[in-house]
*Asks:* 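There's a structure below that I have some questions on.
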Protein chains: 2
Amino acid sequence: MTHPLMEVDGAGLSEQDRRDLIRGVLERIGDKWSVVVICQLGDSTRRFNELRRMSEPITQRMLSATLRGLERDGLVTRTVFDTKPPRVDYALTPRGHTLLEIVRTLAGWAEDNAAGILHSRTAFDAR
Amino acid sequence: MTHPLMEVDGAGLSEQDRRDLIRGVLERIGDKWSVVVICQLGDSTRRFNELRRMSEPITQRMLSATLRGLERDGLVTRTVFDTKPPRVDYALTPRGHTLLEIVRTLAGWAEDNAAGILHSRTAFDAR
DNA sequence: CGGTATCCTCCGGGATACTG
DNA sequence: CAGTATCCCGGAGGATACCG
């Protein structure tokens, strides 16, 4: 039997380490654009400027940085075609797709609860 | 006829508005401590300093701010007992519990994928 | 087309001290 | 015990210009 806290890399993890680990991963989807980009890549492979338009008002710099971060974490693949003009395709990896499902759940929750949350905020601020 | 600002339930929102809405809600759980605090409140009601210890190394200031944000969004209730010394209890609302479930899924995903992600990062950085 | 390079601003959040 | 009040800094991220 495997101890729950020893599953990651074989070393023992404290509750503290566990939270750090989760936070480290959540920072990826906690940033300003990752969730948006992941959602846009959900249906199909996309090219850079295609993503840029779909994710407006993202800046070129931030799209580039976001994609690099997602690629670094093995959530997105980057495929370069050596044509002219250049063409680069981005797509979700299998790991990225498992995250997409959760992110869609989260997005659904956000939509379902948006009205209630906005109402709560108004009530809270009124005081 | 429907006024745009009244279509918060998702019926006639532009793709842009939909993303803004989701981002607005995700910023709550995207900040540094909300997810941690929500998880700690998952099992039972907690007092302020109890949460503080459970969420180390959070600062007093940030716990206070995080709880206020969660309360504002109707995710957490704050109950003051007028005793000495003072006592304040925090608990998840029903809405907070629905979010807790998703957050737990997310935390589970983070744990399950932590090793793979760390490996991907190392491989990516090696290049 | 698909990016970098630079510069600059804003604010999330830590440290510390004080309070009802 | 359960908070506020200040001060301050690093870094996320926007604007803009340039590049292969």
Side-chain angles (χ1 to χ4, degrees), chain A residues 16 19-20 22-38 40-41 45-73 76-91 124-125 127, chain B residues 16 19-20 23-38 40-41 44-73 76-91 124-125 127:
Chain A
Q16 172 65 42
R19 283 213 316 274
D20 289 349
I22 293 171
R23 271 284 324 149
V25 173
L26 289 189
E27 270 168 16
R28 160 98 302 109
I29 74 161
D31 71 11
K32 192 163 182 180
W33 297 108
S34 290
V35 165
V36 170
V37 171
I38 287 170
Q40 307 295 4
L41 284 174
T45 291
R46 301 288 181 187
R47 298 179 60 172
F48 187 86
N49 278 327
E50 195 175 0
L51 275 174
R52 185 164 168 26
R53 282 186 302 273
M54 294 173 71
S55 308
E56 251 158 46
I58 197 173
T59 62
Q60 199 168 32
R61 192 177 91 83
M62 287 316 298
L63 178 57
S64 177
T66 300
L67 287 168
R68 205 178 315 120
L70 294 173
E71 189 196 357
R72 187 170 108 100
D73 281 6
V76 158
T77 57
R78 178 173 183 273
T79 311
V80 181
F81 298 90
D82 213 349
T83 58
K84 57 170 181 177
R87 168 190 179 149
V88 182
D89 280 1
Y90 292 91
F124 185 90
D125 294 344
R127 210 207 40 193
Chain B
Q16 173 65 42
R19 284 211 316 274
D20 289 349
R23 270 286 321 150
V25 173
L26 289 189
E27 270 168 18
R28 158 98 303 109
I29 75 161
D31 70 10
K32 192 163 183 183
W33 297 107
S34 289
V35 165
V36 170
V37 171
I38 287 170
Q40 308 295 4
L41 284 175
S44 84
T45 291
R46 301 289 181 186
R47 299 180 57 172
F48 186 85
N49 278 327
E50 196 176 0
L51 275 174
R52 185 161 167 28
R53 283 187 302 273
M54 295 172 71
S55 308
E56 251 159 49
I58 196 173
T59 63
Q60 201 168 31
R61 192 178 91 83
M62 287 316 297
L63 178 56
S64 177
T66 301
L67 286 168
R68 206 177 314 120
L70 293 173
E71 190 196 357
R72 188 171 108 101
D73 281 6
V76 158
T77 57
R78 180 173 182 272
T79 310
V80 181
F81 299 89
D82 212 350
T83 58
K84 55 167 184 177
R87 168 190 178 149
V88 182
D89 281 1
Y90 291 93
F124 185 90
D125 294 344
R127 213 202 40 192

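Just so we're on the same page: letters track the sequence lines, and every chain starts at 1. Just the heavy atoms: all of them, side chains too, but no hydrogens, waters or symmetry mates, feed the values below.
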*Asks:* In whole angstrom, give the distance that lies between atom CD1 of Ile58(B) and atom C1' of dG13(C).
*Replies:* 10 Å
*Asks:* Taking the minimum atom-to-atom distance to the side chain of Arg78(B), which one of dT4(C), dG14(D), dA2(D) wins?
*Replies:* dA2(D)
*Asks:* Starting at atom CD of Glu50(A), determine the distance to atom P of dG3(C), rounded to an integer number of angstrom.
*Replies:* 13 Å
*Asks:* Expressed as a whole number of angstroms, how long is the span from Arg46(A):CZ to dG3(C):P?
*Replies:* 16 Å
*Asks:* Do the side-chain N or O atoms of Lys84(B) get closer than 4.0 angstrom to the phosphate oxygens (OP1, OP2) of dG20(C)?
*Replies:* no
*Asks:* Spell out yes or no: do the side chain of Arg61(B) and the base of dG3(D) have one donor N/O and one acceptor N/O closer than 3.5 Å?
*Replies:* no
*Asks:* Figure out the CD/P separation between Gln60(A) and dA5(C), and round it to whole Å.
*Replies:* 13 Å
*Asks:* Tell me the interatomic distance from Leu63(B), atom CG, to dC1(D), atom P, rounded to whole angstroms.
*Replies:* 14 Å
*Asks:* For the side chain of Arg47(A), starting at C-beta, report the closest nucleotide among dA2(D), dG13(D), dC1(C).
*Replies:* dC1(C)
*Asks:* Check whether any side-chain nitrogen or oxygen of Arg68(B) sits under 4.0 Å from OP1 or OP2 of dT4(D), and answer yes or no.
*Replies:* yes
*Asks:* Enter the distance from Arg28(A):CZ to Ile38(A):CD1 here, rounded to the nearest 0.5 Å.
*Replies:* 8.0 Å
*Asks:* Between dC1(C), dA2(D), dG14(C), which one does the side chain of Met62(B) approach most closely?
*Replies:* dG14(C)
*Asks:* If you assign Pro86(B) and Trp33(A) each to the DNA chain D nucleotide with the nearest heavy atom, which residue ends up on the more 5' nucleotide?
*Replies:* Pro86(B)
*Asks:* Output yes when at least one side-chain N/O atom of Ser64(B) is less than 4.0 Å from OP1 or OP2 of dT4(D), else no.
*Replies:* yes
*Asks:* Given Val36(B) and Ile58(B), is the side chain to side chain contact (heavy atoms under 4.5 Å, CB included) satisfied, shown in steps?
*Replies:* CA-CA 10 Å; Val36(B) 170; Ile58(B) 196 173; over 6 Å; no
*Asks:* I need the CZ-P distance between Phe81(A) and dG3(C), as an integer number of Å.
*Replies:* 12 Å
*Asks:* Measure the spacing between CG of Leu67(A) and CH2 of Trp33(A) and express it to the nearest 0.5 Å.
*Replies:* 12.5 Å
*Asks:* Could you check whether Tyr90(B) gets within reach of a base, just the sugar-phosphate, or nothing at all, counting any heavy atom under 4.0 Å?
*Replies:* sugar-phosphate
*Asks:* Using atom CG of Asp89(A) as one end and atom C1' of dG3(C) as the other, report the distance to the nearest whole Å.
*Replies:* 15 Å
*Asks:* The side chain of Thr59(B) lies closest to which of these nucleotides: dA15(C), dT4(D), dG2(C)?
*Replies:* dA15(C)
*Asks:* Is the NZ or CZ atom of Arg52(B) positioned over Phe48(B)'s six-membered ring, under 6.0 angstrom from the centre and within 45° of the axis?
*Replies:* no
*Asks:* Expressed in angstrom and rounded to an integer, what is the separation of Met54(B) atom CE from dA2(D) atom P?
*Replies:* 14 Å
*Asks:* Going by heavy atoms in the side chains, are Arg78(A) and Arg68(A) under 4.5 Å from each other?
*Replies:* no
